[in-house]
Enquirer: 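One structure is given below, represented as structure tokens, and several questions about it will come after.
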Amino acid sequence: MSLSSLLETFEQLAPMLAGGFVTTLQVTVSSLIIAMVLGILVCLMHISHKRVLRGIAKFYIWIIRGTPMLVQAFYIYFAVPQLIQLSTGSSFRIDVFTASLITLSLNAGAYLSEIFRGSIESVDKGQMEASRSLGVSYATSMRKIILPQAVRICLPSLVNQCIITLKDSTILYAIGLGEIMYQAKIYVGRTMESFATYTWVAICFLLITSVLMLISRTVEKRMHA
Amino acid sequence: MRKMANPKIKVVGLKKAFGDLEVLKGIDLEISSGEVVCIIGPSGSGKSTFLRCLNRLEEPTAGEIFVDGESITSNGADVDRVRRHLGMVFQQFNLFPHYTVKQNLMFAPVELKLKTPVEAEKTAIRLLDRVGLGDKVDAKPRELSGGQQQRVAIARALAMEPDIMLFDEPTSALDPEMVSEVLDVMRELAEEGMTMVIVTHEMGFAHDVADRVIFIDDGVIVEQGTPEQVMDHPQSVRTKSFLSKVL
């Protein structure tokens with residue numbers, strides 16, 4: 001095994017890898033956008049005074065945190081369609097991209113909601129009191145005083161969750177999503193070149209995650225300046 | 001206790017419990033307009049809780065509070081509106097770190113549409129000048145010393161043009177050399193006729209500035225009167241014992 005064989009493999013592998021990579025990015029980016037909205041909603045439910053809302057948020061987070069994502073993916077792709085089929089009598093199928101999107105969104109959404117909640121709660125309690133004591137409403141205090149501070153606090157964890165979600169998307173090869181890992185497996189199945197193929201897969205991920213980490217570090221530095 | 005015709009603040013049978021722990025066990029009090037009231041007492045006696053009930057940062061368990069004759073504890077009371085008249089200064093300053101000093105003062109008046117940004121800025125600069133921080137209007141709170149931060153916090157409360165100011169141990173978090181600059185600002189406010197309720201451990205200041213000193217211990221008012229009465233000639237054993245420890 002040499003550098004030249006690595007490069008040789010790359011030429012053959014590149015088109016497949018590129019295709020898989022596009023799918024990886026598509027599913028990751030769309031999921032993260034959905035998860036962001038979901039995360040904010042669940043976080044607001046979690047800190048609300050309504051017991052029912054808090055209960056729903058806690059239950060959702062409990063399920064997601066307590067089960068492996070592989071199980072969640074299988075559940076959404078295989079189990080839920082069967083349940084719908086059995087209860088309605090008509091056949092029901094979900095396409096693999098949609099199932100992947102739902103899985104990744106639900107998963108990241110739960111973790112993001114906890115990140116948001118932690119950030120909001122780590123803003124000094126005195127900030128809300130100071131704003132309220134000036135006669136400003138809870139909602140406005142939240143929007144103008146607490147959230148801007150919470151965003152700064154959560155940024156590093158937010159980027160970290162983006163990296164985790166990107167990496168977790170490889171699990172979706174198991175339900176047949178044509179992402180990078182799926183393409184790599186097909187290539188290895190055909191050529192048996194495990195070492196070269198998986199090396200390139202790892203390099204691809206390292207490239208993006210490094211860029212993300214760099215961005216996060218720059219943003220963090222600028223915020224502390 | 002003195003009875004007043006039109007008390008600025010009237011507190012009737014105020015109780016506050018945290019779970020099983022009863023912190024305030026029935027407080028009755030009237031404060032008249034322009035009066036400076038200092039509340040002293042051991043830590044954990046309930047004096048801060050009492051102050052925080054006055055603008056409902058704590059919800060009283062029982063009792064009623066009236067400001068200008070209007071109940072602020074009834075169900076229909078608009079807490080946000082009441083709070084506009086009650087400025088509050090905290091032990092930990094609680095300035096908004098993401099705003100400049102000037103923006104700290106402008107935030108509430110502009111947000112509540114009481115002033116245009118231009119008017120609010122003028123008021124902010126005037127108030128900051130008054131507390132001796134005219135050169136810090138564009139600084140961020142973290143660039144200021146504790147004493148300066150607390151003076152900004154006082155100015156921020158004043159920017160709402162309140163007619164009552166509540167102070168919750170305003171100098172307790174300060175380095176000793178910064179205490180006097182904050183007390184001086186408060187003394188000026190008192191001389192201008194602001195109604196003030198001050199929870200403090202600064203006995204000298206209380207003696208100087210207070211019209212009335214209230215000694216709270218174990219959730220009740222043990223003794224109250226002029227500084228001379230309460231601090232120089234205390235009647236109760238508990239007051240005597242407290243004063244002997246802090247003076």
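Within every chain, numbering begins at 1; the chains are lettered A, B, ... in the order of the sequence lines, protein sequences first and strands thereafter. Since this is a predicted model, take the numbers as computed values, not measurements.
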Enquirer: Of all heavy-atom pairs between A:K144 and B:F107, which one has the smallest distance, and what is that distance?
Expert: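 Nearest pair, atom of A:K144 first, then B:F107: CB-CE1, 3.6 Å.
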Enquirer: Pick one of side chain, backbone, both or neither for B:R156, based on which atoms fall under 4.5 Å of a heavy atom in chain A.
Expert: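 Contact with chain A involves both backbone and side-chain atoms of B:R156.
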Enquirer: Please say whether more than 12 non-hydrogen atoms of neighbouring residues, nucleotides or ligands are located less than 6.0 Å from CZ in A:F205.
Expert: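 It does: A:F205 CZ has more than 12 such atoms within range.
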Enquirer: A:F10: what forms a ring pair (Phe, Tyr, Trp, His ring centres under 6.0 Å) with it, not counting sequence neighbours?
Expert: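 Ring pair (Phe, Tyr, Trp, His ring centres under 6.0 Å) check on A:F10 returns A:W200.
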Enquirer: Got a sec: does the CZ of B:F18 have more than 12 other heavy atoms crowding it under 6.0 Å?
Expert: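 It does: B:F18 CZ has more than 12 such atoms within range.
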Enquirer: Less than 4.5 Å to any heavy atom of chain A: does that hold for the side chain of B:F93, its backbone, both, or neither?
Expert: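 Contact with chain A involves no heavy atom of B:F93 at all.
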Enquirer: For A:Y75, does the OH atom have more than 12 heavy-atom neighbours from other residues, nucleotides or ligands under 6.0 Å away?
Expert: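 Count not over threshold, so no.
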Enquirer: To the nearest 0.5 Å, how far apart are CG in B:N55 and CD in A:E129?
Expert: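 It comes to 9.0 Å.
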Enquirer: Do any of residues 130-143 of chain A have a heavy atom less than 4.5 Å from a heavy atom of chain B, and if so, which, in residue order?
Expert: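 The residues closer than 4.5 Å to chain B, in numerical order, are A:A130, A:S131, A:R132, A:S133, A:L134, A:G135, A:V136, A:S137, A:T140, A:R143.
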Enquirer: Inspect the surroundings of CZ in A:R54 and state if more than 12 heavy atoms from other residues, nucleotides or ligands are less than 6.0 Å away.
Expert: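 Atom CZ in A:R54 is packed in, count exceeds 12.
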Enquirer: With a 4.5 angstrom heavy-atom cut-off, could you sort out which part of A:Q149 is near chain B: side chain, backbone, both or neither?
Expert: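 Just its side chain gets close to chain B.
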Enquirer: More than 12 heavy atoms of other residues, nucleotides or ligands under 6.0 Å from NZ of A:K185: yes or no?
Expert: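 No, NZ of A:K185 has 12 or fewer neighbouring heavy atoms, counting only those of other groups under 6.0 Å.
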Enquirer: Counting heavy-atom pairs under 4.5 Å to chain A, which of B:M88, B:R84, B:E111, B:M160 comes out on top?
Expert: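 When all of B:M88, B:R84, B:E111, B:M160 are compared, B:E111 has the most.
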Enquirer: For B:F96, does the CZ atom sit with more than 12 other heavy atoms under 6.0 Å from it, leaving out its own atoms?
Expert: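 Counting other residues, nucleotides and ligands, CZ of B:F96 exceeds 12 neighbours.
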Enquirer: Please round to the nearest 0.5 Å and tell me the distance separating atom CG of B:L95 and atom CD of A:Q127.
Expert: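 Output value for this atom pair is 8.0 Å.
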Enquirer: For the CD atom on B:E192, are there more than 12 heavy atoms of other groups (residues, nucleotides or ligands in this structure) within a distance under 6.0 Å?
Expert: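 Yes, enclosed.
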Enquirer: Would you find more than 12 non-hydrogen atoms of other residues, nucleotides or ligands less than 6.0 Å from A:E121 atom CD?
Expert: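 Atom CD in A:E121 is packed in, count exceeds 12.
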